[in-house]
Q: 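The structure that follows is given in the form of structure tokens.
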Amino acid sequence: MADPIVYVGQRIAAAFAKVGGAAAVGVDTAVRASDRADAQVNGSLALAKAMGLKPHEVATKVLEVADLKDICSDAQVAGPGFINLTFNNQFLARELMSSSVSDKLGVRNATKPCNVVIDYSAPNVAKEMHVGHLRSTVIGDALVRMLTFVGNTVVRENHVGDWGTPFGMLIEHLVDSGETHAANELSVGDLDSFYRSARKKFDESEPFQARARARVVLLQSGDAETLRLWKLLVAESTRYFQMIYRTLGVLLEDTDIMGESSYNKLLPQVVERLGKLKMLTTSDGAEVVFAEGFVNRENQPLPLIIRKTDGGYNYATSDLACVIDRVERLNADLLLYVVGAPQAQHLQMVAAVAKQAGWLQAPREMVHVSFGNVLGADKKMLKTRSGDTVKLDALLTEAVERAAAAVSEKNPELSDAAKTNIARIVGLGAVKYADLSTDRIKDYTFDWDRMLSFDGNTAPYLQYAHARICSIFRRANIDRASVRNFSPTIAHPAERNLAMRVLQFDSALWDTIDKYSPHRLCTYLYDLAANFSSFYEQCPVLKAETETERDSRLMLCDLTARVMQTGLGVLGIEAPEQM
RNA sequence: GCCCUUGUAGCUCAGUGGAUAGAGCACCGGACUUCUAAUCCGUUGGUCGUAGGUUCGACUCCUACCAAGGGCGCCA
């Protein structure tokens, strides 16, 4: 356990228990980072109230009892009864060592590793991926990496929209266009025009509508020729998705696709099982479940529609099938849904019904990792100048182009190959980081200049800090791995700030995981970069006063770089060695 | 109409019931013969939407209201 704050927390909690006895139960004895010392403890005020004593007295007693000699150089009561703790430098050095030689840089493994199924990305077949898919894909990818990093088994599921009524019209349009021509159109990535043409025909031509409807029936009844045409559409789209995922550098693969169609066989079972449980009600000709606590406009109970009046299933049925499949086939303990905020009520209803049916029993749980929209400068949904949705591949291309211009300007000596690679890493990193670094629940404003800026809470700033460290080792021709056993000595304040920050990686990552909020790790990494930049200005490494100091700083630099690289890594962002 | 989310500096955003609410941008002023100045250091800037309540203590929890966005029966 590397984080000094977590470490001292155990001793403080023990001291509180000793002082307060039964009164200390339920009192928040948490140790927190402080701007007045290294850490502060506020629990004395609450405990004093419970015991009818003065907070200052309680704090004093806690300090008398607490065993802090080996880790704190200073511990005192301040203000009304706060305890301020200052760690001694030997303790910090020891913790840095343990972090440096640990394969996970001091990050604790999950106490109970579990099976996590993450549902994310979810583009639609025969439709372009746009900025709306960016958030789900990028946030989902970061969660996959973080949860895997701490020892969980993670299953990626890409719930692609590959089924339903639109496929009637898409298949008929495919027939009209001719398969070869359609395949060409789809393979150049111009999926939207294919979809729009189909839609246009559907809206304008009644005979076409009739054909489309008949085709849906054929598709659902498993007609071989129809399925063949459908698979053609799916295959072209899958190739396109994979191209985007590779460009974006996310972990999703073809084999992660579990489209809506995958659950077809389970749908009748959902109805059957709900029927047996006597949960189904017929309402306006549809078979529905009334989950408690949900009402419609007229304040009447709001149903979850399992089977439509026409006998077809809809997305609620398929989402329930998903729950069953993930729990019973994949043995999922935790089901994450990285899905936009508008789906909140739907997912709540699905969860409520799944629980009521006994398919989702505690401690298994379903969590909606909800997120807001990407906005343009006008505060409305991000659109192109002509008012169209922004295509994801165009957005990524522009990001890399903009980064390339910046790289050429700032570091013209780099080889063309290096420039190309760095531009790719910086451009994609900027886009991903902009998405990850604000609280996912909120909408965020998309702004090229800000995300590619080298100042502030941006990917390039963090990547630059990492590149500078690499540069130190490259200049001096020192092997990074060779300094990892060096014993650090903490002397300079900037050195100390950096050390403290490095040691907080564990708690920052866990805090991020507990809340499924990548922006918390971003904030930490930004602070780390800022602490490093400050250190870099004030503390010469290669020209340190003594060899001991030099070795110590080399060790601290290497550890900082590894935390940065690993931290960015679990966010799905690369850290180049040169910029 | 009911429900959900959001509201913090001019702008973009952090903020775990705790002490004096923090960054970045912008503005203004400094620091390159130096391990990458793509950086650093400093100044200026606040009714935490409004009003109550709970609490030793509230940006944080509760209630009401205001504003913005979203959801509310057979699309997904």
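Per chain, numbering begins at 1; letters A, B, ... match sequence-line order.
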Q: Check every strand shown and say whether A:Thr309 touches a base, only sugar-phosphate, or nothing at a heavy-atom separation below 4.0 Å.
A: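 Contact class for A:Thr309: base.
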
Q: Should the pair A:Glu157-A:Arg326 be classified as a salt bridge under the 4.0 Å nitrogen-to-oxygen rule?
A: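 Yes, A:Glu157 and A:Arg326 are salt-bridged.
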
Q: Please measure how far the P atom in B:A64 lies from the corresponding atom in B:G10, and state the result in whole Å.
A: 30 Å

Q: Indicate, with yes or no, if the rings of A:Tyr315 and A:His159 have centres closer together than 6.0 Å.
A: no

Q: By a strict heavy-atom criterion of less than 4.0 Å, which residues belonging to residues 400-409 of chain A are in contact with RNA chain B?
A: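 Those residues whose heavy atoms fall under 4.0 Å from RNA chain B, taken from residues 400-409 of chain A, amount to none.
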
Q: Within the structure shown, what part of the strands sits under 4.0 Å from A:Val541 by heavy-atom distance: base, sugar-phosphate, or nothing?
A: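 Counting heavy atoms under 4.0 Å across all strands, the contact made by A:Val541 includes a base.
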
Q: What's A:Gln343 touching, base or sugar-phosphate or nothing? Going by heavy atoms closer than 4.0 Å.
A: base

Q: Looking at every strand, decide which applies to A:Cys470 at a 4.0 Å heavy-atom threshold: base, sugar-phosphate, or nothing.
A: nothing

Q: Which is more 5' along RNA chain B, the nucleotide nearest A:Ile472 or the one nearest A:Asn42? Just name the residue.
A: A:Asn42

Q: Check whether any side-chain nitrogen or oxygen of A:Lys379 sits under 4.0 Å from OP1 or OP2 of B:U12, and answer yes or no.
A: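 True: A:Lys379 side-chain N/O within range (under 4.0 Å) of B:U12 OP1/OP2.
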
Q: Reading 5' to 3' and counting Watson-Crick or G-U wobble pairs with both distances under 3.5 Å, write the dot-bracket notation for RNA chain B, | for bases paired outside the strand.
A: (((((((..((((....[...))))..((((.......))))......(((((..]....))))))))))))....

Q: Assess the residue pair A:Leu521 and A:Leu509 against the criterion (side-chain contact (heavy atoms from CB on, under 4.5 Å)); give the C-alpha distance rounded to whole Å, side-chain angles, the decisive distance to 0.1 Å, and a yes or no.
A: CA-CA 6 Å; A:Leu521 183 59; A:Leu509 181 57; 4.0 Å; yes

Q: Taking the same atom, C1', in B:C13 and in B:U6, what whole-Å distance lies between them?
A: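 Comparing C1' positions in B:C13 and B:U6 gives a spacing of 14 Å.
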
Q: With no hydrogens and no angle check, just 3.5 Å: does a side-chain donor-acceptor pair link A:Tyr464 and A:Arg468?
A: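 Looking only at side-chain atoms, A:Arg468 and A:Tyr464 do form a donor-acceptor pair, the distance falling under 3.5 Å.
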
Q: Identify, between A:Asn314 and A:Phe290, the residue whose nearest nucleotide on RNA chain B lies closer to the 5' end.
A: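 Going by which nucleotide is closer to the 5' end, it is A:Phe290.
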
Q: Under a 3.5 Å distance rule, please check whether A:Trp230 uses its side chain to pair with a backbone N or O of A:Asp162 as donor and acceptor.
A: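 Confirmed, A:Trp230 side chain pairs with A:Asp162 backbone.
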
Q: Base, sugar-phosphate or nothing for A:Gln348? Non-hydrogen atoms, less than 4.0 Å.
A: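 Result for A:Gln348 = nothing.
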
Q: Hey, can you pull the residues of residues 515-526 of chain A with a non-hydrogen atom under 4.0 angstrom from RNA chain B?
A: A:His519, A:Arg520, A:Thr523, A:Tyr526

Q: Provide the distance between the two P atoms, one in B:G42 and one in B:C61, to the nearest whole Å.
A: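 Straight-line distance between the two P atoms is 33 Å.
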
Q: Quantified in whole Å, what is the C1' atom distance between nucleotide B:A9 and nucleotide B:C27?
A: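 Per the computed distance, 13 Å lies between those C1' atoms.
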
Q: Within the modelled atom types, does a donor on one side and an acceptor on the other bring the side chain of A:Arg32 and the base of B:U16 under 3.5 Å apart?
A: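 For A:Arg32, whose side chain was compared with the base of B:U16, there is a donor-acceptor pair (under 3.5 Å).
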
Q: Please work out if A:Phe294 contacts a base, only the sugar-phosphate, or nothing of the nucleic acid, heavy-atom cut-off 4.0 Å.
A: nothing

Q: Quantified in whole Å, what is the C1' atom distance between nucleotide B:G45 and nucleotide B:C11?
A: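 These two C1' atoms come out 12 Å apart once rounded.
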
Q: Are A:Lys380 and B:G69 close enough that a side-chain N or O sits under 4.0 Å from OP1 or OP2?
A: no

Q: Rounding to an integer number of angstrom, what distance separates B:U54 and B:U43 when you compare their P atoms?
A: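 That atom pair is separated by 40 Å.
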
Q: Hey, does A:Arg297 reach any base, or is it just sugar-phosphate, or nothing, if we go heavy atoms under 4.0 Å?
A: base

Q: Would you indicate what A:Leu45 reaches in the nucleic acid, counting non-hydrogen atoms under 4.0 angstrom: base, sugar-phosphate, or nothing?
A: base

Q: Under a 4.0 Å N-O cut-off, is there an ion pair linking A:Lys379 with A:Asp443?
A: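 No, this pair does not count.
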
